Each structure stands twice: as structure tokens, then as C-alpha cells.
Amino acid sequence: MKVMKIDETMVEKVAMLSRLELSSSEKEQMTEQLNDILEYADELNELETEDIEPTAHALPIKNVFREDKVGESLARKDALKNAPQKEAGSFKVPQIIETDE
Amino acid sequence: MLKDYDITIGLEVHAQLDTETKIFCSCSTEFGAEPNTHTCPVCLGMPGVLPVLNKQAVEYAIKAGLALNCEITDFSKFDRKNYFYPDLPKAYQISQFDLPLCEEGYIDVMTDEESVRIGINRIHMEEDAGKLIHAQGGESLVDYNRGGTPLIEIVTEPDITSPIQATAYLKKLKNILEYLEVSDCNMAEGSLRCDANISLKPKGQSELGVKTELKNMNSFKAIEKALTYEIKRQRKLLKEGGKVVQETRTWDDEVEKTFSMRSKEEAHDYRYFPEPDLVPLEVDEAWLQEIKEEIPELPKARRERFVNELGLPEYDAEVLTDSKSIADFFEAVLEEYDDPKTVSNWMMGDMLRLLNEEELEIEEIKIEPVELAQMLKLMDDGTISSKIAKTVFEEMFNTGKKPETIVEEKGLKQISDSSELEGIIEEVLAENQSAVEDYQAGNENVIGFLVGQTMQATQGKANPQLVNEILRKKLAD
Ligand SMILES: [Zn+2]
């Protein structure tokens, strides 16, 4: 499999999805670095994996559970401590409008 | 059913699992708490924390899968679904993407004497998001109490062909989840939520039409109305040569229309990838067996028991088991009054009628099962007539008072004293001379009329059997 080369348009899209604002020099830098990373990861493709089961996790463990018992939650003032804006015991954010225009 | 188009509907139901704690942390899932009092570093998405899966939530999800005839996958995993929205503190939702816990189930649904099998494509587990409250001044307040509540998402195949079928499916699904006690299915509190995909295609065309996704329906009625509206809207568009746009539309219950939710963002790109903080989930045969044994009697089995062991007609059994709460009420009455058909008649007749009229759920009824039993006993021992019983029942329904109290307060005791009745009957006969003559001329049917007149004269309190006896005696004289 050939690695798809990342261009600046894709970097812009990923940045938008991640809500990151990149300057044009940053975009250039990211394009280069992301391509480097993919190229590096691409080395894995040289391995023969035909007969290897797909892995879902890096560790050979499964079924780690908690019992359904209520534990301690944060005090509200602590929960809200990092909030840039708060009101009425809640986090305050700009409204996102998703209805008709 | 449309003459010119085939309707294709698929439903996605989110049901909150009725666990004590959230899916990946030990915060309480209690409804209605003060905002942001049930949060912790895990469900707030602080860096460096580790989610740990709630075993009870998994067992509830498996139970639902089994009861909905699904295959339980022996190996599944969790994935991150990435998107930005303020109700999602991590900017991703932990969900299941390519290896859901349950697959390929179905529910058989009856509409208009026709049984239809609605396929269930998958059931997967995920965490709920927080709640946004829109405040004034273009800002929103976020409460993360609900964030991290365990959900199952139940996705049907596009097998549904009418709004009525859709609601029939939902009622049945809700009923099964309630029987299992894995979700309280309270639509008003949002513990059961439904989105719908709907498209039309010209009759005979095999390829599906362009679909829209409908959101924000908060009751079965709203779902039926939204689907009906959307069918009309799409049909009109198509007939006029227009095209349906693939989009999400929100239902407005007040104006009864769907509206496009055109978001300024680009189309969602969720970039799913395996959740590295959670290890895979394996369900072996022994565990599955354990869970199977915990599954209680389901509606179908209960219905069959009502027919075979209690001797109820099929129809009664169907109606009574249609909701777990109604069936529970019914069986609670039976514990005090062992005549299934009589109890069924009262519940299916007066009780469901009154509940319907008042738009109440059985959970809100003021009558206790034992009180219905008491009322039936009052009828049996002759304290009240069957006619008066209806009045007493309505009063019990409206006020929640005990039947004895109502009979006492309203003076509804049956008149079973023959001397008192004889006097009243004399008067009735005197006022209805022509009927008396008809009877004496051989028309015995007028006896019914005279009984009716006597009942009316006593506001229904006379013992009808006694009235009948006295009348016959007097008319024979
Ligand atoms: Zn928490």
C-alpha cells in the first residue's frame, strides 16, 4: 500500500476539524512533518502480515471492568475551576446555532 | 401507504441504561441533580485519566441484545468518534464503530392484523453527551451530569414502510426494554430517544431514494407526526420534479413541521479510531449463559401464560402485556381477587379508557391494585350494583379515595331492602300504565324497560336482580 501524500489542503481540513488555526508557515511545517510521520509508519508495510490476526489493542489484556458502585464526584467549584466562563453552576460557552438560516 | 411511492424508514434508538453509575467512571447517573455535581476528571475529559468499563452496563446491553434476538459478538471494542461540540468535553465520544456488541436481531411487530419482522442491524454501547441550555445573549450553559451515562444505540434495517409501523416497533422495543429493566425508557426525561431516516422511491424502483434524518421527536406521537409530515414534504418535492437533499432535519412540535439543520460546519468527519484507553471486550459462552438466565419473562411469554394459565382471550392478553406496568398492575389485582377475566374487563374497559381520556400513563394512576380488588368484592357481596361500580371506579380514578369511602360518602350503597324497593316500584308502575298493559297483553320484553325506570328512580342504586323479582311478582298479580 502506498502512503497518500498529505498536501496543504488536507492539513487545512484536519486543522479545521481540530479547531486549530495555523499560520501559513505552520501549515507548511505541518505538511512536511505529517508526511515524514506517514513515511516512517509506512515502513511497517514492508512486513509480511498476511497470516497475522488484526490487533485491537497494544496490550494483551481484555475485559477490565468496574463494579457499578457510586464513588466520589468532584465538588462543583473544582469541576468548574478551569472554565474560562461560568454561570449558574454551569460552563458557559458561545452558542452554536444549527437551525435554519 | 402511498400509491405512487414506496416509503423506507430506518430508526436509531438511544436508550440510557439504568445503571447506578456512568459507563466509564463512578459518578452517579441520577436524573435531575444540580448542574455539574456528578462529574469527575474522567467524565470531564481531563488529561491523563483512564476510563474503566462498567460491567453492569455491558450486561444490560447484552441482555437487550439477547431479548432482541441478536448475535452477541464474542469480541468487540470501543472507538473514538471525534467531533467538536460543547456537550462533549473530550471532543470525542467513546462509542463502538466496526465491532459492535450485538448484531443481526429483529422484532416482530403487529399492525392491522399483519405481522412484520423489523430487522435490527446492530446494537452498540456508547457514552451520552452533556446537556446544553441555551441562555440569553447568544451563549449556552453546559451541564455535564449526563455526560458519560451509558447508552445503547439500537439501529434497525431500513425495513419499516409506514409511520404506524415505526411507532409499533418503538412501542414494542420500549416494552421489551422495560420488561428487562435495563432502561426506564422515560421519553420525557430523554432516557429513550429516537432519530429516523426516511426516503421515498417511485414504486417498482429498486434503488433507494435520497434520505433525510429526522431529530428532536420527544414522544411516539411526535415521531409519527414527523414521519408523516416528511413523507408529504418529500412526495411533493419529488412530484414537482425536485430533489430531496440529504440532510438532518429537526422536528418542531409546536408548528408540526421539520426544518433543515444546516450547520455552518463542513459535513461531519468523525475519524473513528480504536480507543487506546480501553481494552477489548470478550464475551465467552459461560458469561453469556449467566446473563441469559437472568432474563425475566418477556412480553411474549407473559402473554402466552395469561392465555394458557389464566384463561384470558388472546386479545386481552395482548393488551394487558403491552406494557409491563399494566401487566404488573393486573397481576397485583389478581393476588387479591382471583377472577382474571373480570379484572381484565375492568382494566381494559374503564381503566384504559380513563387513562386515555386523561392522557395519563398507568404509573400516574391514583388507584392501587388492592383497591380495584376491594371494589370488585363490594360488587360481589352486593354492597354496590355493577352500574354504581362504574361511578365508584371513576371517583377512585379521579380522587384516589378508597372504594368503601366513596360508597359511604356518596351514599351509593345498593338498595337491597325489598320493602323499600316495593314502594319505589309501585310508583314506577303507576307512572307507566301503558307498559304494564303491554306486559299483561303478553309482551314480556317491557320488563327491561320497567327495570330501567326503577334503576333510574334510584339513581342506579337498586339491586337489579331484586327489582326484577319484585316487578315480575307485582305484574303477575
Ligand atoms: Zn465521572
Side-chain angles (χ1 to χ4, degrees), chain A residues 4 6 9-21 34 37-38 41 44 52-101, chain B residues 19-21 24-28 30 34-41 43-44 46 52-58 75 77 82-86 89 91 99 130 132-135 137-144 248 250 259-266 269 271 274 276 278-283:
Chain A
M4 189 171 55
I6 291 203
T9 321
M10 186 169 282
V11 169
E12 274 165 14
K13 188 188 172 196
V14 174
M16 190 279 296
L17 289 168
S18 317
R19 301 300 186 272
L20 294 172
E21 201 174 349
L34 285 171
I37 292 167
L38 287 184
L44 286 174
I52 297 177
E53 284 266 313
T55 312
H57 199 273
L59 302 173
I61 42 175
K62 57 180 188 192
N63 293 5
V64 176
F65 298 121
R66 313 178 0 255
E67 291 305 314
D68 187 24
K69 290 229 167 60
V70 177
E72 207 149 332
S73 290
L74 284 176
R76 184 156 75 183
K77 65 170 182 12
D78 293 331
L80 292 168
K81 216 170 201 168
N82 294 326
Q85 277 190 290
K86 51 200 132 183
E87 190 182 307
S90 298
F91 296 80
K92 193 156 100 175
V93 299
Q95 191 169 335
I96 294 189
I97 302 162
E98 263 202 289
T99 37
D100 256 15
E101 301 188 15
Chain B
T19 51
E20 296 293 316
T21 66
F24 300 122
C25 66
S26 62
C27 289
S28 166
E30 182 202 5
E34 286 292 306
N36 295 301
T37 50
H38 293 161
T39 67
C40 73
C43 57
L44 285 177
M46 305 275 185
V52 185
L53 185 56
N54 183 337
K55 191 175 185 192
Q56 183 71 78
V58 177
F75 182 91
K77 68 173 172 69
N82 299 280
Y83 64 95
F84 267 94
Y85 205 72
L99 295 171
L132 281 183
I133 300 141
H134 297 299
E139 276 161 330
S140 299
L141 301 179
V142 199
D143 171 11
Y144 289 119
T248 304
T250 181
F259 292 97
S260 173
M261 287 173 75
R262 217 162 291 134
S263 127
K264 282 179 204 149
E265 303 163 39
E266 266 175 56
D269 180 348
R271 295 153 294 145
L278 288 163
V279 296
L281 175 57
E282 272 186 47
V283 184

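Every heavy atom of this structure was used, including side-chain atoms; hydrogens, water molecules and symmetry mates were not. Just so it is clear: chains get the letters A, B, ... in the order the sequence lines come, proteins before strands, and each one is counted from 1. Note that the structure is a prediction, hence the values are computed from the model and not measured.
Of the listed residues A:Asp78, A:Asp68, A:Asn82, the one with more heavy-atom pairs under 4.5 angstrom with chain B than any other is A:Asp68.
Within 6.0 Å of CD on B:Glu139 lie more than 12 heavy atoms contributed by other residues, nucleotides or ligands.
Using a 4.5 Å cut-off between heavy atoms, B:Ile133 makes no contact with chain A at all. Heavy-atom distances place the backbone of B:Cys25, and not its side chain, under 4.5 Å from chain A. Only the side chain of B:Tyr144 comes within contact range of chain A, judged by heavy atoms closer than 4.5 Å. Looking at B:Leu141, both its backbone and its side chain come within 4.5 Å of chain A, counting heavy atoms on both sides. No part of A:Leu59 comes within reach of chain B, as not one of its non-hydrogen atoms sits under 4.5 angstrom from that chain. Only the side chain of B:Pro274 comes within less than 4.5 Å of a heavy atom in chain A; its backbone stays farther off. Heavy-atom distances place no part of B:Glu30 under 4.5 Å from chain A, backbone and side chain included.
Considering only heavy atoms from C-beta on, B:Pro86 stays 4.5 Å or farther from A:Gln95 through its side chain.
Listed here is the closest heavy atom pair of B:Pro280 and A:Ile61: CD-O, 3.5 Å.
A distance of 8.0 Å separates CE in A:Met16 from CG in B:Asp269, rounded to the nearest 0.5 Å. Atom CD of A:Glu67 and atom NZ of B:Lys55 lie 6.0 Å apart (nearest 0.5 Å). Rounding to the nearest 0.5 Å gives a distance of 11.0 Å between CG of B:Asn36 and NZ of A:Lys86.
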key: Pair A:Val93-B:Tyr85, side-chain contact (heavy atoms from CB on, under 4.5 Å): steps then yes or no   = CA-CA 10 Å; A:Val93 299; B:Tyr85 205 72; over 6 Å; no
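A:Asn63 contributes a side-chain N or O that, together with a main-chain N or O of B:Glu282, makes up a donor-acceptor pair within less than 3.5 Å.
For A:Glu87, the side-chain hydrogen bond (donor to acceptor under 3.5 Å, both in side chains) test picks out A:Lys92, with sequence neighbours left out.
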